[in-house]
Amino acid sequence: MSDVTDATTGKRAPTPDDALRIADSKQGGPVLAADGTPLKRSLARALRVQKLRALALIAPLLIFVLLTFIMPIADMLFRSVENSIVSNTLPYTTEALADWEPDTGEAPGEEVFQALYYDMFLAAEAKEHTTLGSRLNYENSGISSLFRGSGRSVDDVGEDQIDMLEDQGEHWEDPAFWYAMMSGDGGATDEGILQQQRQRLANLTSDNFGGEIGFIPGAEIAGILPRTVRAYTAFALFTAIADEDVVAEEEPWEAVKVALIEDLRTTDLSGYSGPGAAELQEAQGALADAEPISYRTAFEGMDKDWADSDVWRTIKIYSPAYTTGYFLNAIDMQKGPDGPEARPENQQIYIMLFKRTLFMSLMITGSCILLGYPVAWILANLPARSANMLMILVLLPFWTSLLVRTSAWKVMLQQQGVINDTLVWLGLVADESRLVMINNQFGTIVAMTHILLPFMILPMYSVMQTINPTYLRAAKSLGATNWTAFWRVYFPQSVPGIGAGSILVFILAIGYYITPEIVGGTTGTFISNRIAYHISSSLNWGLAAALGSILLAVVLILYWAYDKIVGIDNVKLG
Amino acid sequence: MALTPVENQTPGFVAAVAAAAGAFFGLFIGTAQGSGLMGVVGGAILLGVMGFVFGNMTDKEKPLRWGILAVFLVAGFVFAGFPGLVLGGLFGWFFGWFIFWLATSRYRAHLAPYLTPGQVLWHYSFRVICGAIFVFLITPILVVMPLSFNAENFFTFTPEMLRFDPEGYSLKHYRDFFTNADWQQALWNSVKIAPMATILSVSFGTLAAIGLSQPHVPFRRAIMAILISPMIVPLIISAAGMYFFYSRIGLQGTYFGVVLAHAALGIPFVIITVTATLVGFDQSLTRAAANMGAGPVTTFFRVQMPLILPGVISGGLFAFITSFDEVVVVLFVGSAGQKTLPWQMFTGLREQISPTILAVATILVGISIVLLATVEMLRRRSERLRGMSPG
């Protein structure tokens, strides 16, 4: 056991791992622990217990961070490609559109418009059509007003035919009659339709439409009048859960009646004897000569844009549940008929914003290096007492609230601000030609250089502290000039500090929001300001998420580089 | 401590350098009065003569410096009233010191003897450059303080303030801060949110840091990367993600949501400071405690905690200031009911700009000075302890 005692005399305390290695290296018979088990196994167990204990200590925080931080980031990434709103709002239309070829330049046929009618009717009832309208408006401007207008007048489709149906008798306007007919006569019921429509409404709205509604469609009637039962079930769910009314006491929507008229044109009622059989046959007879409802004409009557194949192409392109559309938008492109294409010149801003963000972050990093290097040098080379005093001047801004520093710069840089006043008082600048130093790139760069300078000085300082000053003296005594000694001897040793500080400052600068927002005006803003604008003002969350994902990717690459160069463990604060 | 033996400079040298300095400052005085050239020439002649005359009288340094100061004070006061008095005093003190500093070659005494005059000049120019950078660092913070006592609703120094007229100063912005319901509500919200977030991040963070500093942690690097990420990911992205996710699960716009978000942002700071403290912690102490019969909980609270407390406290202070200063995340995750102090300042800066912001800023600077002092004290204490602890 001499090896073990050797290990204990080392500076580091012995760990099970060391002992395990020692036990491993023994070529002879198995070494036994005190309780008789082989030492190797007993040590392996101890090591496992230790690992588990360490993980158990970390687990609460790890779960906390995963839940409160990583999941939100993942959610954002998901949102940048998620696009189920089109297929959720217009489920039947997107299904019917699958066969339509956009290249023909023709609007799709009657069956698509019929599907659109049912989708639009329900969406208008649930007031979700405008949401979809504004979503599609990002891709094709004009769709928003198209949807809003159509949602208002979709009730009027098939008016004449509905009037004809209602002329057949009061019962077609009687809620109880409809309820009895649709429920069937205590016979078999069809839960499937109910579940389908429940899912459809849950997708459409943010509610889950769960709960008892006091209505289950009858199986027999569902076989004869499939569209009607479908429409009535949707109506029943919406009435019972969203409006909180009793289904049997509310007159069905126009869409249910339109569905019935449509069903009566094709269905065979001869075998049906359930509730309302006589009335149905009477209605079928009366409506036999009526003109069929033309959905296409009706929609074109609401807005001639429905005849435009561009609108339909947009709907078709964005009907899959996932899309690259937001990412294309984020790099000034869009989905065209033949794949991705560039956006019109006057709508291209994001590439420019990304370039500006990079350029300004580089400028800020550069000025931080220029200003930070001499300060770090003097801090590292002064006697400890004075260095500590000067260090306070670096740490005080570091600890001061970001908003305090930003407001200070606003006060300093304004046209009626302290710097301009001083310059005017000194006579360097005429009163009427005060310098414009705020609400432009200059303001942002100055303020952010000041704010991020401590993040540059601190890593540089900690590296420079370790550089031995005798190297510089040795170089000079060997005949180097001041400059050569600095450039060939000191500077190369301080490069790791510059690297660490630069990456840190660059990472922080590239995602800044507050300072550019306050002192940046319109020309000094960053991509972050655009992200914030899309979240809170334009509500284009998908685009905000896509822009955020691109920014995040850039930062993560830099983070990875930082980890490789400096190591996350070596980050020091103050 | 003098490195180099020195002797007095010739009056000519002193006069020349002093004249250059005089010309430099004269330029500003001159432009302020309308003629830069007059200022340059006047300043150069005045300082040149002063340098030539006083350069010979280094033995009577003390009375002469007082004399120069007095003359400048009087001249400044006669010339431009009270602000002139202050400026004149500053100039008088500086020129008095500068001339004798040159004349007695004190500037050369503590530099290495082998330096050439060019290197000496560079040495002092470098100091001046560094001084300018320090001024850049600290001025914005200092400027805010006097402006917060402005009697007018201006963001600049009024003539009354420059005359040091008591009329020009008032506490009205502070009064506004302490009586305005909006600001008080914001202060109260900040005070409610920051400590809760700090408690959460410190308790979770300390446990995890102890776990991370054990000798065998599987996936240590990956775990560390995840735990540090809230500090690295740009705030706007964190805010966007949290806004989307928290509104899905109903936490958006609630006090609890803001506390959770701020706790997540504060965690990296706790992890970094506490793991740094644990590097100096002697693990055999816990083994010794266990050996003497203490359970893990007792060991933690009676042995480990008191030793790493400085690190925990400074991590907590970092987490506190992170939450207390944070505005982007609360802007998105919070609702009007969680409006914090920075949020109120942000709206103030963007919309109805009022000097009350400067009063708040001054108070916040005061708070950060206190926090900075505490952290520095703790850091030095733990460094001292580490220096003494064995191993």
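Letters go in sequence order (proteins before strands), and every chain restarts at 1.
For Trp560(A), no part lies under 4.5 angstrom from a heavy atom of chain B. No part of Ala261(B) comes within reach of chain A, as not one of its non-hydrogen atoms sits under 4.5 angstrom from that chain. Neither the backbone nor the side chain of Ile249(B) comes within less than 4.5 Å of any heavy atom of chain A. Of the two parts of Leu147(B), only the side chain, counted from C-beta on, holds a non-hydrogen atom closer than 4.5 Å to a non-hydrogen atom of chain A. In this structure, chain A has heavy atoms under 4.5 Å from both the backbone and the side chain of Phe28(B). Neither the backbone nor the side chain of Val360(B) comes within contact range of chain A; no heavy atom of the residue lies under 4.5 Å from a heavy atom of that chain. Heavy-atom distances place no part of Leu251(B) under 4.5 Å from chain A, backbone and side chain included. Contacts between Ile70(A) and chain B at a heavy-atom distance below 4.5 Å involve the side chain alone, from C-beta outward. Residue Phe126(B) touches chain A through its side chain alone, counting heavy-atom pairs closer than 4.5 Å. Looking at Phe324(B), there are no atoms closer than 4.5 Å to chain A (heavy atoms on both sides), in backbone or side chain. Neither the backbone nor the side chain of Ser213(B) comes within contact range of chain A; no heavy atom of the residue lies under 4.5 Å from a heavy atom of that chain. Heavy atoms of Ile321(B) lying under 4.5 Å from chain A belong exclusively to its side chain. Within the 4.5 angstrom heavy-atom criterion, no atom of Ile367(B) approaches chain A. For a residue to count as touching a neighbouring chain, one of its non-hydrogen atoms must lie under 4.5 Å from one of that chain's; by this rule Leu453(A) touches chain B with the side chain only. Using a 4.5 Å cut-off between heavy atoms, Ile518(A) touches chain B through its side chain atoms alone. Both the backbone and the side chain of Val446(A) come within contact range of chain B, each with at least one heavy atom under 4.5 Å from a heavy atom of that chain. Contact of Ala263(B) with chain A is made through backbone and side chain together, with heavy-atom distances under 4.5 Å. Neither the backbone nor the side chain of Thr275(B) comes within contact range of chain A, judged by heavy atoms closer than 4.5 Å.
Among Leu396(A), Ile73(A), Ile507(A), the residue with the largest count of heavy-atom pairs under 4.5 Å with chain B is Leu396(A). Heavy-atom pairs under 4.5 Å with chain B were tallied for Val65(A), Thr406(A), Ile514(A), Ile531(A); the largest tally goes to Ile514(A). Taking chain A as the reference chain and counting heavy-atom pairs below 4.5 Å, the highest number among Ile141(B), Thr116(B), Leu331(B), Leu341(B) is found for Ile141(B). The candidate with the highest count of non-hydrogen atom pairs below 4.5 Å against chain A, out of Tyr246(B), Tyr243(B), Phe157(B), is Tyr243(B). With chain A as partner, the option from Leu358(B), Leu200(B), Ile267(B) having the largest number of non-hydrogen pairs under 4.5 angstrom is Ile267(B). Interface remark: of the candidates Gln119(B), Arg248(B), Met242(B), Arg248(B) forms the most heavy-atom pairs closer than 4.5 Å to chain A. In terms of heavy-atom pairs under 4.5 angstrom with chain B, the leader among Pro454(A), Ala545(A), Ala408(A) is Ala408(A). Ranked by non-hydrogen atom pairs under 4.5 Å with chain B, the options Ala56(A), Ser407(A), Ser536(A), Ala447(A) are led by Ser407(A). Per-residue heavy-atom pair counts under 4.5 Å with chain A were compared for Ile138(B), Leu207(B), Val144(B), Leu137(B), and the maximum is reached by Leu137(B). Of all the listed residues (Leu372(B), Val217(B), Leu27(B)), the one sharing the greatest number of non-hydrogen pairs under 4.5 Å with chain A is Leu372(B). Interface remark: of the candidates Tyr512(A), Trp377(A), Phe78(A), Trp377(A) forms the most heavy-atom pairs closer than 4.5 Å to chain B.
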Decide side-chain contact (heavy atoms from CB on, under 4.5 Å) for Leu212(B) and Arg220(B); before the verdict, give the C-alpha distance in whole Å, the side-chain angles of both, and the deciding distance to 0.1 Å.
CA-CA 7 Å; Leu212(B) 278 169; Arg220(B) 185 169 194 281; 4.3 Å; yes
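Only one option out of Val258(B), Val259(B), Leu260(B) pairs with His262(B) in a side-chain contact (heavy atoms from CB on, under 4.5 Å); it is Val258(B).
Here salt bridge (charged side-chain N to carboxylate O under 4.0 Å, His left out) pairs that include residues 410-424 of chain A, with residues two or more places apart or in two chains, are Asp421(A)-Arg434(A).
Between Trp409(A) and Phe136(B), the distance from one ring center to the other falls under 6.0 angstrom.
Relative orientation of the Phe332(B) and Tyr513(A) rings is tilted, given thresholds of 30° and 60° on the angle between their planes.
For the pair Met224(B)/Ile271(B), a side-chain contact is recorded, criterion being any heavy-atom separation below 4.5 Å from C-beta on.
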